[in-house]
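Inspection log for the structure reproduced underneath, given as structure tokens.
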Amino acid sequence: MKAIVVDKNSADGLDFSIQQKIFEENGIEFVLEDCQTEDEIIEKCRDADALLVIYRKITPRIMDALTNCKVILRYGIGYDVIDVDAATERGIKVCNSPTHCLDEVATHTIAMILAMERQIVFFNDLVKEGKWLANAGFKPHRLACQTLGFVGFGNIARRTADFAKGFGFHMVVYDPYLDESVITDYGAQKADLDELLEVSDVITIHTPLFDSTYHLINKETIAKMKDGVMIVNTSRGPIIAVDDLMEAVKSGKVRAAALDVVENEPVSEPGHPLFETGKIICSPHAAYNSVEAEEQMMAVLAQTAVDILNGRNPENIVNKKALGIGA
């Protein structure tokens, strides 16, 4: 049996040695590829029993060529690069690493909120220019006087809420898939989307990318927000229509934004329009990153592949119900 990584260089600095060891111990050949196109994936990965992917899209055409494939695994929590419905139709299991970077992304989210409210990047740039101006920029507000709105309230958002409690935020949540009791257990209040947009001083995005959430934050929804709102996105770039966000920042409707993910990333132009105002800060899709998170993810995915190739059904099969495997 063979496990193949589609795009080993899509994320810099990954160490695959943990996976190499687990696969070798279980008699499974482990191959690292760096495919850029559908055709390359088909050519180099067609005999994979388990396919592991970072960022390349795994399409129905690719799946039709994977004659041995029993499972497709995504490095990370989100799995929108995989056509899950197409995989289900072909009897292929889709798996992720659902808990590997909860603390990391939650920490990153809080760090971005603090960096915006306390203008850390802005002040740092001023000081580097020789300007010692404590009252430059906008006047910050005490966090305990603000409302933090969560769009989506999965595991990462809940961990973020745990951290946010310590700062005294009032918290509201929009998540139509959750019972109100789950939200109130975290000290937050359930709201519909329009209500959240109207009352939140800071909005943090934690929803997966679906057709229904594509450009959820756009010119129309931004217009419903408070003047001077701040927005954080550590989820998926296309949830925010980036041109609409830039326009809102320039107008002052949005006071600041912090993005770990951006539509059409990577952002590799030094003079990208995102940075014209100095009120948008970005990190390079790095919120997931830590030594511990990477080690956990690598072990979980390799063991998941081993389990499935040996006829077991672990909990992290995302299309388990659709395949009729069980609850």
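When a residue number appears, it is its place in the shown sequence, counting from 1. Basis for what follows: all heavy atoms, side chains included, without hydrogens, waters or symmetry-related copies.
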**OP:** Take the angle between the ring planes of Y186 and F153 and call it parallel below 30°, perpendicular above 60°, tilted in between.
**Re:** perpendicular
Original post:
Taking the inter-plane angle between the rings of H285 and Y55 on a 0 to 90° scale, is it parallel (under 30°), tilted (30 to 60°) or perpendicular (over 60°)?
Top reply: tilted
Original post:
Under 3.5 Å, is there a donor-acceptor pair linking the side chains of D39 and T37?
Top reply: no
Subject >> Heavy-atom pair of closest approach, residues R74 and L301 >> reply: O-CD1, 3.5 Å
Original post:
CG of D185 to CD of E180: how many Å apart, nearest 0.5 Å?
Top reply: 10.5 Å
Subject >> R142 atom CZ: more than 12 heavy-atom contacts under 6.0 Å >> reply: no
**OP:** Return yes if a side-chain donor-acceptor contact under 3.5 Å exists between K139 and N135, otherwise no.
**Re:** yes
Subject >> Point-to-point distance, once rounded to the nearest 0.5 Å, from CZ of F23 to CG of L52 >> reply: 5.5 Å
Subject >> Non-hydrogen atoms of K190 and D175 that approach each other most closely >> reply: NZ-O, 2.9 Å
**OP:** Return yes if a side-chain donor-acceptor contact under 3.5 Å exists between Q20 and E24, otherwise no.
**Re:** yes
**OP:** Nearest 0.5 Å please: distance from the CG atom of L309 over to the NZ atom of K70.
**Re:** 6.5 Å
Original post:
Do you know which two heavy atoms are closest between A248 and I222, and how far apart they sit?
Top reply: CB-CG2, 3.7 Å
Subject >> K21, NZ: over 12 other non-hydrogen atoms inside 6.0 angstrom >> reply: no
**OP:** Can you spot which of T109, V151, N155 makes a side chain to side chain contact (heavy atoms under 4.5 Å, CB included) with H206?
**Re:** T109
Original post:
Of the options N289, D260, T234, which is the one that meets S283 in a side-chain hydrogen bond (donor to acceptor under 3.5 Å, both in side chains)?
Top reply: D260
Subject >> Nearest non-hydrogen partners of L209 and P238, listed with the distance >> reply: CD2-CG, 4.0 Å
**OP:** Look up atom CD1 in I203 and atom OH in Y174, then write down how far apart they are to the nearest 0.5 Å.
**Re:** 13.0 Å
Original post:
Taking everything shown except R61 itself, do over 12 heavy atoms lie less than 6.0 Å from its CZ?
Top reply: yes
**OP:** Go through R236 and E265 one step at a time and tell me if the salt bridge (Lys or Arg N to Asp or Glu O under 4.0 Å) criterion holds.
**Re:** CA-CA 10 Å; R236 285 290 182 265; E265 62 184 60; over 6 Å; no
